[in-house]
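Bear in mind the structure is a predicted one, so any value in this text is a computation, not a measurement. Each residue takes its place number in the sequence, starting with 1. Excluded from the calculations below are hydrogen atoms, water molecules and symmetry mates; all remaining heavy atoms, backbone and side chain alike, are included. Atoms within a ligand are numbered from 1 in the order they appear, just like the ligands themselves.
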Amino acid sequence: MVDQKPDNIYASPLDRVADFAFDDAVARVFPDMIQRSVPGYTTIIPMIGLITERYAKPNTQCYDLGCSLGASTLAMRHGLKKAQCTLIAIDNSEAMIKRCEHYIELDNGVAPVELRCCDMREVAIENASVVTLNFTLQFIRQGDRPAMLKNIANGLHSGGALILSEKVYFEPTEEQQTLEALHYDFKRANGYSDLEISQKRSALEQVLIPETIEEHKQRLLDSGFSSVTVWYQCFNFVSFLAIK
Ligand SMILES: Nc1ncnc2c1ncn2[C@@H]1O[C@H](C[S@+](CC[C@H]([NH3+])C(=O)[O-])CC(=O)[O-])[C@@H](O)[C@H]1O
Ligand SMILES: O=C(O)C(=O)Cc1ccccc1
């Protein structure tokens, strides 16, 4: 069941574009969709492995929150070659988790992986050295984000790391327009039509809520992290490294 299907979910005109959801149709095409849609995704994934290797501590837990099919989970696992850690991967989409299970089985990493199908807002983070939120916080209601980040900071040991990747927006508008236009150029260069781009944009409007780099940095500091660095940026896609 290794899916390598092309994403054509928004290729035909739809009477009404429904809100984007991580359902079976999306899970089937997800590897193709995310690579063609997120500039830098294929760079960020292996770097999550390197960052995990540096910050993982023996006899702690590492978490991948919003793991989808497990690309970030497996990158973390490959960074855990030496450290004695348990990896906990969570997603609330059954369609994603059932496929993710299969990808984990095919992998030959050594760290034990515990897969859970549940809401990441309800998970107590405990005895943690590395936590990854690779493009998942953006799907959480803004009002719930501070409590989630505090829960993560509280569960991390001092010196532990949070890798937070997000689509962001920019102020002033001119910078936002430039970087958004470049993102759409990236999608077009990857074979998406203008119709696909505009229908997916409508589908995501109420679902993926981006914030500015400054808002992210300030909230991470307010949540109990001692330092925050942007370690990656391509257009309006950014990854932060926050250290407890
Ligand atoms: N409340 C929630 N609880 C648990 N999971 C959630 C929740 N809300 C959304 N999700 C899950 O977060 C994932 C976001 S995708 C992550 C990519 C992956 N990290 C990767 O590195 O390939 C990013 C993207 O599609 O842009 C989906 O699988 C949702 O089901
Ligand atoms: O496609 C987009 O415009 C995005 O912002 C990225 C994305 C990738 C996969 C699912 C949802 C959003």
Side-chain angles (χ1 to χ4, degrees), residues 3 7 9-10 17 19-49 51-52 63-77 87-100 103-104 115-123 125 131-145 147-148 151-152 163-169 179-188 190-192 196-210 232 234-239:
D3 299 303
D7 167 26
I9 290 180
Y10 296 103
V17 180
D19 277 354
F20 187 86
F22 291 97
D23 55 16
D24 215 61
V26 166
R28 273 169 199 274
V29 300
F30 191 69
D32 183 64
M33 172 186 277
I34 194 148
Q35 281 178 53
R36 288 166 65 211
S37 303
V38 176
Y41 177 78
T42 51
T43 300
I44 291 171
I45 290 293
M47 298 311 146
I48 288 175
I51 298 172
T52 301
Y63 292 83
D64 185 16
L65 305 177
C67 61
S68 299
L69 300 182
S72 41
T73 313
L74 292 182
M76 292 179 82
R77 194 187 204 186
L87 187 48
I88 299 164
I90 287 160
D91 204 289
N92 66 349
S93 157
E94 265 182 47
M96 289 291 189
I97 285 286
K98 80 168 192 269
R99 285 181 169 75
C100 184
Y103 284 103
I104 305 280
L115 266 188
R116 295 189 202 156
C117 188
C118 64
D119 194 313
M120 61 186 176
R121 284 169 290 198
E122 278 149 29
V123 173
I125 307 291
V131 177
T132 298
L133 282 165
N134 200 38
F135 301 108
T136 61
L137 189 70
Q138 59 195 17
F139 295 107
I140 298 294
R141 273 190 52 230
Q142 269 178 302
D144 291 346
R145 294 179 192 182
M148 260 219 63
N151 177 33
I152 294 170
I163 303 161
L164 171 67
S165 309
E166 290 275 293
K167 186 179 196 173
V168 296
Y169 83 89
L179 294 169
E180 191 177 58
L182 287 165
H183 176 221
Y184 294 153
D185 288 345
F186 172 86
K187 286 191 157 195
R188 240 175 263 114
N190 285 326
Y192 284 120
E196 285 176 290
I197 293 170
S198 90
Q199 292 194 134
K200 182 150 182 225
R201 185 197 169 133
S202 310
L204 286 173
E205 209 144 38
Q206 307 296 322
V207 177
L208 190 172
I209 312 296
Y232 185 85
C234 183
F235 307 144
N236 47 344
F237 291 80
V238 168
S239 192

Q: Would you mind listing which atoms of ligand 1 come within a distance below 4.0 Å of any non-hydrogen atom of Arg121?
A: 1 (N)
Q: Ser72 heavy atoms, cut-off 4.0 Å: which ligand 1 atoms fall inside?
A: 18 (C), 19 (N), 20 (C), 21 (O)
Q: Any sub-3.5 Å donor-acceptor pair from Asp64's side-chain atoms to Thr73's backbone N or O?
A: yes
Q: What part of Met120, side chain from CB on, backbone N/CA/C/O, both or neither, has a heavy atom under 4.0 Å from ligand 1?
A: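 Both backbone and side chain of Met120 come within 4.0 Å of ligand 1.
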Q: So among Ser72, Ser165, Ser68, Ser239, which one has a side chain to side chain donor-acceptor pair (under 3.5 Å) with Asn134?
A: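 One option only clears the test, and that one is Ser165.
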Q: Pick one of side chain, backbone, both or neither for how Leu208 approaches ligand 1, counting any non-hydrogen atom pair under 4.0 Å.
A: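 Neither part.
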Q: Output the distance between atom CG (Asp91) and atom NZ (Lys98), rounded to the nearest 0.5 Å.
A: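 Separation between the atoms: 12.5 Å.
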Q: Is a donor on one side and an acceptor on the other found under 3.5 Å between the side chain of Gln199 and the backbone of Tyr10?
A: yes
Q: What is the nearest protein non-hydrogen atom to atom 3 (O) of ligand 2, stated with its residue, atom name and distance?
A: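 Among all protein heavy atoms, the one nearest atom 3 (O) of ligand 2 is Lys187 NZ, 2.9 Å.
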Q: Purely on distance, is any nitrogen or oxygen of Asp64 under 3.5 Å from one on ligand 1?
A: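 Looking only at distances, the answer is no, because the N/O contact criterion of under 3.5 Å is not met.
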Q: Mark the output for Ile45 as yes if a heavy-atom distance to ligand 1 is under 4.0 Å, and as no if none is.
A: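 In this structure, Ile45 qualifies as a contact of ligand 1 - some heavy atom is under 4.0 Å.
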Q: Test Ile90 against every option in Thr136, Val123, Leu115, Ile97 by the side chain to side chain contact (heavy atoms under 4.5 Å, CB included) rule and name the one that passes.
A: Val123
Q: Report the part of Cys67 (side chain from C-beta onward, or backbone N, CA, C, O) that has a heavy atom under 4.0 Å from ligand 1; answer both or neither where that applies.
A: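 The answer is the backbone of Cys67.
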Q: Whether Lys167 engages the ring of Phe237 as a cation-pi pair (distance to the six-membered ring centre under 6.0 angstrom, angle to the ring normal within 45°) should be assessed.
A: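 No.
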Q: Once rounded to the nearest 0.5 Å, what's the spacing between atom CE of Met47 and atom CD1 of Ile163?
A: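 It comes to 11.5 Å.
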Q: Counting heavy atoms only, which of Phe139, Phe237, Tyr41 comes nearest to atom 22 (O) of ligand 1?
A: Tyr41
Q: Return the residue, atom name and 0.1 Å-rounded distance of the protein heavy atom closest to atom 7 (C) of ligand 1.
A: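 Looking at atom 7 (C) of ligand 1, the protein heavy atom closest to it is Asn92 OD1, 3.4 Å.
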Q: Which of the numbered atoms in ligand 2 are below 4.0 angstrom from a heavy atom of Leu208?
A: 5 (O)
Q: Could you tell me how the ring of Phe186 sits relative to the ring of His183: parallel (under 30°), tilted (30 to 60°) or perpendicular (over 60°)?
A: parallel
Q: Rounded to the nearest 0.5 Å, what separates atom CD1 in Ile44 from atom OH in Tyr232?
A: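 Interatomic distance, Ile44 CD1 to Tyr232 OH, rounded to 0.5 Å: 5.5 Å.
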Q: Could you list which atoms of ligand 1 come closer than 4.0 Å to a heavy atom of Thr136?
A: 12 (O), 13 (C), 14 (C), 16 (C)
Q: Can you sort out which atoms of ligand 2 are near His183, meaning under 4.0 Å from one of its heavy atoms?
A: 2 (C), 3 (O)
Q: I need the minimum non-hydrogen distance between Met33 and Tyr192, along with the two atoms involved.
A: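 Scanning both residues completely, I find the closest heavy atoms to be CA-OH, 3.5 Å.
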Q: Would you mind running through ligand 1 and noting each atom that sits below 4.0 Å from a heavy atom of Gln138?
A: 26 (O)
Q: Which distance, rounded to the nearest 0.5 Å, do you find between the CG of Asn92 and the CZ of Arg116?
A: 14.0 Å
Q: In terms of atom number and element, which parts of ligand 1 are under 4.0 angstrom from non-hydrogen atoms of Asp119?
A: 1 (N), 2 (C), 3 (N)
Q: Is ligand 1 less than 4.0 angstrom away from at least one heavy atom of Lys167?
A: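 Distance cut 4.0 Å: Lys167 fails for ligand 1.
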Q: What protein heavy atom lies closest to atom 8 (C) of ligand 2? Include the residue and the distance to one decimal.
A: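 Looking at atom 8 (C) of ligand 2, the protein heavy atom closest to it is Lys200 NZ, 3.5 Å.
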Q: May I ask you to identify the nearest protein heavy atom to atom 21 (O) of ligand 1, giving residue, atom name and distance to one decimal place in Å?
A: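 Minimum-distance protein heavy atom for atom 21 (O) of ligand 1 reads Asn134 ND2, 2.9 Å.
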Q: What protein heavy atom is closest to atom 11 (C) of ligand 1, reported as residue, atom name and distance in Å?
A: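 The answer is Asp91 OD2, 3.4 Å.
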Q: Can you tell me which residue and heavy atom of the protein come closest to atom 4 (C) of ligand 2, and the distance to 0.1 Å?
A: Lys167 NZ, 3.7 Å
Q: Test your reading of the model: is there a side-chain donor-acceptor pair from Asp185 to the backbone of Lys187, 3.5 Å cut-off?
A: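 Here the side-chain-to-backbone pair does not exist.
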Q: Under 4.0 Å, heavy-atom basis, I'd like to know which part of Leu204 is in contact with ligand 2: side chain, backbone, both or neither.
A: side chain
Q: Tell me, which protein residue and heavy-atom name are nearest atom 6 (C) of ligand 2, and how many Å apart are they?
A: Val38 CG2, 3.7 Å
Q: Answer yes or no: does an N/O atom from Gly66 fall short of 3.5 Å to an N/O atom of ligand 1?
A: yes
Q: What's the spacing between Leu87 CG and Ile104 CD1 if we round to 0.5 Å?
A: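 The distance works out to 7.0 Å.
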Q: When you look for heavy atoms under 4.0 Å from ligand 2, do you find them on the side chain of Phe20, its backbone, both, or neither?
A: side chain
Q: Show which atoms of ligand 1 fall inside a sub-4.0 Å distance from at least one heavy-atom site of Ser68.
A: 13 (C), 14 (C), 15 (S), 16 (C), 17 (C), 18 (C), 27 (C), 28 (O)
Q: Cys118 heavy atoms, cut-off 4.0 Å: which ligand 1 atoms fall inside?
A: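 Numbered from 1, ligand 1 contributes 3 (N), 4 (C).
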Q: To the nearest 0.5 Å, tell me how far Ile209 CD1 sits from Phe139 CZ.
A: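 Output value for this atom pair is 10.0 Å.
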Q: For ligand 1, indicate whether the residue Phe135 contacts it via side chain, backbone, both or neither (heavy-atom separation under 4.0 Å).
A: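 The part of Phe135 near ligand 1 is both the backbone and the side chain.
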Q: Would you call Asp24-Arg99 a salt bridge at under 4.0 Å N-O?
A: yes
Q: For Phe22 and Phe30, take the angle between the two ring planes, folded into 0 to 90°, and tell me which bin it lands in: parallel under 30, tilted 30 to 60, perpendicular over 60.
A: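 Ring orientation, 0 to 90° scale: perpendicular.
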Q: By number and element, which atoms of ligand 1 are closer than 4.0 Å to a non-hydrogen atom of Ser93?
A: 30 (O)
